[in-house]
Amino acid sequence: MNLLTVSGSPHVHDHQNVKSIMYGVVVAMIPAIFVSVYFFGLDSARVIFISVSACLFFEWAIQKYLLKGALTINDGSALVTGVLLAFNVPSNLPAWMIIVGALVSIGIAKMSFGGLGKNPFNPALIGRVFLLISFPVQMTSWPIPKALFSSSVTDAITGPTTLGILKEGLNAGKTVQELMANSGFPGYVNDMVGAQGGSLGEISAIALLIGAIYMLLRRIITWHIPVAYAGSAIIFSGILWLVDPTRYIDPAMHMLAGGMILGVFFMATDMSSSPMSPKGQIVYGVGAGLLTIMIRVWGAYPEGVSFAILIMNAFTPLINKAFKPRRFGEVIIKK
Amino acid sequence: MKTFKLGGIHPGENKLSAGAAIEILPLPTQVCIPVSQNLGAPSKVVVEKGAVIRTGQLIAKGEAFISSNVHSSVSGKVTKIDSVIDTSGYKRPAVYIDVEGDEWEESIDRSQDIISDIRLSREEIISRLNETGIVGLGGATFPSHVKLMIPEGKKAEYLLINGVECEPYLTSDHRLMLERGREMMIGVKILMKGLNVTKAYIGIERNKPDAIDHLLKISAEFPGIEIIPLKVKYPQGGEKQLIKAVLNREVPSGKLPIEVGCVVNNVGTALAVYEAVQKNKPLIDRVVTVTGKSLKKPSNLLVRIGTPVNQLIDFAGGLPEDTGKVINGGPMMGKALTSLEVPVVKGTSGILILPENESRRIPVINCIRCARCISVCPMGLEPVLLAQLSENQVYEAAEKEHILDCIECGSCQYTCPAGRPLLDYLRLGKNKVGVIIRNRGKK
Amino acid sequence: MEIIGIIILALLVNNVVLAQFLGICPFLGVSQKVSTSLGMGAAVIFVMALANLVTYLIQFFILVPLHIEFMQTITFIFIIAFLVQVVEIILKKAAPALYQALGIYLPLITTNCAVLGIAILAVQKNYSLVESVVYASAIAAGFTLALILMAGIREQMENTGYPAGMKGFPMSLIIAGLLSLAFMGFAGLV
Amino acid sequence: MSQLKYFTNGLFKENPSFVLVLGTCPTLAVTTAAINGIGMGAATTFVLVFSNLMIAALKDLIPNKVRIAAFIVIIATFVTIVDLVMKAFTPDLYATLGIFIPLIVVNCIILGRAEAFAQKSNVVPAILDGLGMGIGFTLAITLMGSIREILGNGSIFNIKLVAEDANTILIFILPPGAFITYGYLIAIMNRMKKRYNI
Amino acid sequence: MNETLVYAVISLSAIGVISAIILYFVAQKFKVIEDPRIDIVADLLPGANCGGCGLAGCRAFAEEIVRSEDLSKLNCPVSSRDAMKQIAAAMGLEAPERDPMIAVVRCSGSRVNAPQKVIYDGALSCSFAHALSAGESGCPNGCLGLGDCVVSCKFDAIYMDETTGLPVVSDENCVACGACITACPRSIIELRLKGKKDRRIFVSCVNTEKGGPAKKNCSVACIGCGKCVKECPYDAITLVNNLAWIDFSKCRLCRKCEPVCPTGSILETNFPARKEKPGEPEIVAEKTEA
Amino acid sequence: MAKLESSLRNMILSLLLISLVMSAALGFVYNLTKDPIAAASKAKEVKAVKEVLPEFDNDPTTEIKVVEGLTFYPATQGGKPIGFAVKTYTEKGYSGRFDLMVGFLPDGKINNIVVLEQKETPGLGTKMKEPKFKDQFNTLDIGSLNNQELKVKKDGGTIDAISAATISSRAFCDGVQKAYNIYMKNFAMNIAGVNDSTMMKGGKQ
Ligand SMILES: Cc1cc2nc3c(=O)[nH]c(=O)nc-3n(C[C@H](O)[C@H](O)[C@H](O)COP(=O)(O)O)c2cc1C
Ligand SMILES: Cc1cc2nc3c(=O)[nH]c(=O)nc-3n(C[C@H](O)[C@H](O)[C@H](O)COP(=O)(O)O)c2cc1C
Ligand SMILES: Cc1cc2nc3c(=O)[nH]c(=O)nc-3n(C[C@H](O)[C@H](O)[C@H](O)COP(=O)(O)O)c2cc1C
Ligand SMILES: Cc1cc2nc3c(=O)[nH]c(=O)nc-3n(C[C@H](O)[C@H](O)[C@H](O)CO)c2cc1C
Ligand code: SF4
Ligand code: SF4
Ligand code: SF4
Ligand code: SF4
Ligand code: FES
């Protein structure tokens with residue numbers, strides 16, 4: 001007879017594990033990857049490839065030579081970070097900058113803290129913001145995607161994002177309506193399918209939504225953060241829009257343009273850096289939503305998602321402390 | 001469909017033995033009866049080595065308030081009074097008896113007749129349960145007569161009968177309700193009388209439709225008893241969850257069900273109560289599920305207390321080749337056994353045999369802070385935090401985070417994708433916090 | 001509106017710790033626990049507001065009229081040290097509970113360069129008396145904010161564990177760096 | 001020589017920036033370029049040496065209760081002197097170091113050394129200690145400055161190392177870069193200390 | 001003399017004088033009496049806040065010393081004797097003399113000596129494994145090898161020997177704070193006299209089972225045969241519950257008991273090598289203290 | 001020697017003594033450095049003026065005129081005005097205010113510009129100091145521009161903004177424009193080379 005195994009209960013386990021969750025996220029990102037390759041051509045495949053390999057390499061190297069712990073590169077988390085980092089940069093970013101971004105994401109934001117699950121900030125976003133601040137020129141010149149259904153990829157021309165056009169124009173004193181009437185403006189439909197300038201993973205709302213639905217169905221993410229985030233952003237931007245539609249963009253455009261959908265479903269939901277209790281997640285989502293709109297409307301940057309999420313990441317431990325789950329039997333029932 | 005709201009999981013049910021009728025396990029040649037089988041103080045042995053005793057004879061007397069009598073489950077000769085490593089893993093004093101024949105005490109009514117009118121008074125019921133050593137068979141083995149003695153100032157309104165059997169694999173309660181429903185219902189009536197309540201609910205999960213139908217059918221004969229079908233969700237069998245599911249009342253943190261006017265008993269307990277009160281039979285046997293995917297014949301067996309576990313396994317087809325783990329109880333709350341010689345005790349509801357490939361935990365990696373453990377915890381705790389605090393030995397903080405509320409259901413560890421040994425650390429923490437609180441009391 | 005601008009600027013955009021590098025020593029030192037960092041924060045807010053009030057008066061009623069602006073550093077720091085000590089002594093006697101909560105941080109404040117730095121900056125910025133005090137309070141609140149965020153993260157790290165090589169200052173500094181990165185998002189709000 | 005160890009102490013073993021982690025504000029704030037490190041270091045060293053000297057000399061004249069106040073006056077005087085002198089003779093450097101010159105007053109190193117060392121020792125060790133600490137501080141912040149200047153600006157001591165319009169990692173001369181560089185430098189120092197058992 | 005100079009001197013002196021006066025009066029008025037010796041004592045303590053003294057940290061210990069003015073019942077295990085003497089001097093008291101102690105691990109049940117009986121697959125915590133009664137070797141008292149003691153030591157004085165799977169105490173680092181003793185769920189670790197030149201003799205076993213079962217689980221278990229008790233010329237060894245224990249206050253390190261133990265469960269540390277008697281199994285080699 | 005005890009008298013005396021000595025020392029150093037400091041700041045001004053204007057032989061710092069918050073330094077060569085240096089500023093920089101010295105030739109054309117005090121982001125906004133950006137303004141005649149307005153290309157103007165630092169570039173234009181406007185308004189420049197003396201007197205103080 002074999003030796004018996006002893007352990008405390010429980011003796012059975014759910015079928016989901018970290019690996020299946022992480023690969024689930026990768027699966028959810030596939031539609032967006034296709035859209036970006038369609039619009040930006042092989043360039044975007046190049047960026048994703050470099051970013052993913054660099055992330056995996058740094059994770060491996062740091063674990064092996066610095067932390068000297070167990071090697072866990074195949075748990076999929078570095079893969080997710082790699083793809084998301086790629087999603088957050090323009091498709092024409094030079095290779096070495098992508099590698100710097102990967103080093104920052106994995107080396108500084110993740111492994112310094114001990115690796116998977118211990119990082120207080122979202123690694124991919126730290127990488128992206130680091131790049132944005134270090135290389136503002138390269139990080140803000142986005143190739144213009146080809147028009148929908150045309151065959152050639154116009155990779156040489158760069159131009160602003162939807163939000164960039166609006167911010168620039170509003171600063172110059174134009175009204176929202178004037179800017180949206182302009183012929184170069186992508187418009188709702190293009191923003192939906194992805195025919196807009198932008199980082200390579202954020203352009204197509206539809207592709208991202210498909211992935212998000214997949215993640216929700218597989219219970220990789222819960223509804224709390226996305227709903228709170230998008231909800232508060234819509235309400236806040238809606239109020240501003242009602243106050244003055246010429247100066248403030250309407251909520252629909254806020255949702256479709258820029259990294260909103262990507263951030264709401266893929267980045268704000270990163271488990272390591274977001275609160276744990278449902279209440280906490282709602283507070284976090286609302287905070288991120290408000291900050292995003294504030295930064296977009298009044299800040300120096302046209303896009304506020306990354307910063308808003310990072311700032312809320314900083315608040316996460318405090319939120320965790322303040323918003324505990326409702327305990328069973330917490331309210332003494334007087335009968 | 002009624003159920004509790006907070007947390008909960010739905011592990012694979014694997015009720016392999018649900019169709020197997022209860023069989024009587026042949027008498028073993030030797031039994032070993034641990035004399036401390038209930039929650040609470042150990043009992044005092046009242047027989048001597050070499051004594052010849054009968055089935056049902058008292059062998060150990062519970063002397064403290066929370067303790068209970070132990071009776072011989074067989075007739076024969078006491079060969080030694082020593083200790084045995086029992087299912088709890090600890091060495092406990094035990095009486096070893098060599099079986100000779102099956103001579104029962106005369107006072108026990110061994111007929112098959114069902115006696116439905118309850119002749120004893122409330123006080124007599126309580127002392128009868130005390131004499132016959134009835135303890136809760138739902139797992140905690142709390143002496144049943146103590147449960148009937150409602151503390152001063154409290155009042156029981158409802159009796160809840162726990163027919164949930166939410167543990168995967170286990171089917172002993174299921175079979176019992178199906179095959180001995182009527183006796184069980186009389187037991188419920190007795191308990192109602194003992195508690196002086198007029199309303200009882202029997203909660204049963206929907207994965208036992210035949211038991212529900214059967215009890216619904218006969219419940220007409222038992223006014224005041226209502227059958228409540230419940231949605232299948234673990235750990236609905238936990239008494240706090242059951243009360244929430246059935247009555248939507250929440251037992252306050254750190255308090256007992258009586259706080260919200262409830263008393264919870266297991267169906268097996270109800271049957272034992274029937275036998276004790278109507279037939280004067282002490283608790284000397286119980287239904288045990290023996291099951292496992294590789295086991296030839298998953299069964300439900302009526303077993304005498306003290307029978308070694310390996311005899312049950314032999315009866316069910318022998319220990320499979322690929323056995324990796326043998327569990328006393330269900331897969332969620334049971335204890336892994338280190339040896340197959342341990343005796344069946346009053347609290348043994350099942351013997352589960354897991355094959356080698358299912359007996360190891362998944363590899364442990366870093367917590368990814370996914371909060372699944374939080375979302376499944378039926379007590380609304382933060383298992384991840386509590387386990388960390390316990391691992392880092394900051395027990396005072398763990399106490400503040402209500403570690404003692406944990407009912408050790410294991411949902412958190414079941415669901416953790418990183419395979420963290422959450423419940424291990426929670427148990428450890430609870431233990432240490434308990435010690436801290438006791439020491440505080442001393443000062 | 002002006003005042004709100006000053007507050008947002010001081011609290012978020014130009015956070016003392018994360019953007020202006022003042023008061024880093026206590027920021028790194030007293031950020032192990034959220035509860036202590038709250039105490040420290042409260043003490044700093046109180047002292048900064050008081051110090052700015054007094055230094056403002058000294059600057060414009062003594063130094064400027066007498067044309068001895070070069071004595072600014074020496075008089076300011078002297079006054080701050082003096083104030084802190086007086087507050088400490090009084091608190092210890094008059095409100096022992098408050099002293100237990102805040103008092104232990106007071107000596108640390110003397111060497112918190114943010115107090116002196118902000119007193120000097122407020123003068124340089126030509127703020128009015130009210131603005132100067134508001135500015136100082138907002139700066140101190142910004143200090144507290146950074147301190148609490150830091151403490152929250154450090155408390156969490158204590159629970160989850162982290163590489164031994166990063167223990168202590170390296171860990172705190174990396175967290176501070178990432179916090180500062182996140183706070184750059186507030187750029188341009190005012 | 002036994003006196004010498006007062007001097008070498010501050011260089012590595014008790015380096016104020018990397019080991020004691022005092023005076024963090026200037027370490028982070030002025031190290032956007034290597035040259036600033038030298039300027040700030042020199043100014044701090046001057047103040048350290050003279051205030052250590054003064055305090056060691058006057059220690060018996062100062063009653064305990066006004067100890068800190070007296071130290072502060074002494075330190076502040078030397079700081080103001082440095083301030084005035086730099087303004088007069090090195091106006092460009094003064095412009096970059098800005099507010100951090102007056103803040104030498106509250107630099108924890110100086111008051112820390114006054115309390116922990118000068119107050120208890122004689123003039124010569126006090127001077128040596130001040131000098132060692134000051135030079136240790138200078139070396140440390142010059143190192144920080146060099147790293148940040150190279151990475152963030154592609155130059156060192158204002159000598160361009162890369163093409164004029166090449167991309168450099170700008171963030172290193174911004175606040176987050178300061179924190180991160182400092183953090184990893186201390187981590188590396190700790191590791192070295194452990195490895196070589198210093 | 002010019003004006004600025006005069007103003008500067010006057011204003012600073014005025015501020016200085018006024019502050020000194022205010023400070024003085026405030027200090028007088030709001031004086032809080034706190035024994036200054038607390039600070040002095042606290043300064044002399046190591047500040048490790050290890051709790052080895054049984055109080056909540058070093059400051060509490062200092063307060064307690066000053067309050068009770070009695071050092072004999074208070075002892076900081078971490079402080080050197082010199083430091084304690086200094087404290088005593090500061091207090092004007094005598095420091096109690098105390099022989100140095102060290103933690104000793106009383107189990108030699110390595111994998112080789114105590115073969116594996118079951119596979120343990122749970123949290124890596126001795127306390128937890130103990131609660132499950134699941135030592136892999138089957139010895140109900142032996143070391144579980146999961147290192148709760150290592151974690152508990154604040155002085156890096158215990159480490160796990162990779163080959164034996166047993167903890168080893170370092171002679172240099174251990175300050176006898178006793179944290180590991182509390183941590184070990186099986187009371188395997190004991191504080192014993194450190195011994196001259198770190199020489200110690202002790203029974204490296206805590207198993208209280210009878211000889212048969214004990215031996216079944218572990219080849220170096222103390223079987224309670226009592227040979228050592230008879231051998232000891234100083235009556236230092238007692239046998240309780242089938243387990244021999246050497247009283248270190250009586251033991252004179254004569255080394256007579258070690259060779260007579262049939263299972264080799266008596267351990268000697270840091271003695272010069274004995275002359276090898278042929279044919280005697282070398283069991284001690286399995287575990288040598290650092 | 002034993003330490004002095006903390007009696008009131010000792011405390012006051014000791015602090016008084018130290019304050020006295022130290023403030024005296026300070027006052028002394030202040031007096032010593034007062035002139036060099038003034039000289040240094042003047043030298044800086046003169047240097048900046050020299051950089052932005054062609055050769056001159058007067059001391060413009062003695063003839064400064066302050067108009068609408070801007071400082072004007074008239075420069076003459078052999079008594080003949082050869083232009084004005086204007087110390088101007090803008091509040092619109094990325095990090096708030098920065099100061100510029102703009103040299104105007106008598107005809108209103110810009111001769112050269114130097115950046116004085118600024119707090120822009122190193123590596124971004126600070127690129128305005130580099131010739132690549134600021135030399136675009138040399139010999140530029142704002143008067144000949146559309147609406148006489150200086151703008152970056154993004155806003156429909158002629159100036160190539162520093163990449164990723166449009167804000168600083170705009171602010172730079174703003175500062176120069178301000179100087180130009182006030183200069184044109186107050187110093188009634190004779191663009192076609194009218195009488196020099198009128199120009200010199202033009203400033204309304
Ligand atoms: C590119 C790619 C690579 C994958 N690699 C693995 C792998 O190495 N291991 C794995 O378990 N799943 C991997 N998967 C995911 C699985 O196909 C499957 O989707 C996932 O394990 C979820 O299964 P579950 O719901 O049954 O857990 C990968 C998916 C993709 C898209
Ligand atoms: C997580 C958990 C699950 C439980 N599941 C069951 C169950 O399925 N059936 C049951 O009868 N008791 C179950 N119990 C025990 C009940 O909480 C309760 O102790 C029992 O029903 C009381 O009845 P008794 O005293 O008759 O045993 C469970 C307890 C816990 C903590
Ligand atoms: C840390 C940081 C510092 C910046 N500093 C400046 C600056 O000094 N000057 C400037 O014009 N823009 C600066 N910016 C960029 C502005 O926020 C803005 O993105 C830019 O001016 C837009 O101009 P563009 O259209 O040329 O990209 C900075 C951005 C960051 C993140
Ligand atoms: C739903 C989900 C979202 C994730 N989002 C991110 C992300 O935004 N950035 C990232 O670096 N990793 C992300 N990850 C991967 C993983 O959580 C991340 O590498 C950890 O933060 C590393 O500790 C995500 C994982 C999941 C399951
Ligand atoms: S074992 Fe305890 S902590 Fe875990 S889910 Fe159950 S009640 Fe919650
Ligand atoms: S379920 Fe596991 S991985 Fe998720 S938060 Fe809980 S402990 Fe961490
Ligand atoms: S080995 Fe034990 S007694 Fe010795 S220092 Fe460590 S914890 Fe304390
Ligand atoms: S000595 Fe005790 S605490 Fe240490 S490893 Fe062995 S069982 Fe665990
Ligand atoms: S130098 Fe220590 S706080 Fe600034």
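In what follows, every chain begins at residue 1, and chains take the letters A, B, ... in the order their sequences are listed.
At least one donor-acceptor pair under 3.5 Å links the side chain of Thr269(E) to the backbone N or O of Asp198(E).
Taking CZ from Phe248(E) and CZ from Phe202(E), the interatomic distance works out to 12.5 Å, rounded to the nearest 0.5 Å.
If you measure heavy-atom distances from Phe25(E) to chain F, the contacts under 4.5 Å come from the side chain alone.
Salt bridge annotation for Arg186(E)-Asp148(E): absent, with no cationic side-chain nitrogen under 4.0 angstrom from a carboxylate oxygen.
At least one side-chain heavy atom of Phe172(F) sits under 4.5 Å from a side-chain heavy atom of Ile113(F). For the pair Asn270(E) and Lys197(E), the minimum side-chain heavy-atom distance is 4.5 Å or more.
Within the cation-pi definition used here (under 6.0 Å to the ring centroid, within 45° of the axis), Lys87(F) does not qualify as a partner of Tyr73(F).
Close approach to chain E, defined as a heavy atom under 4.5 Å from one of its heavy atoms, is seen in no residue of residues 45-58 of chain F.
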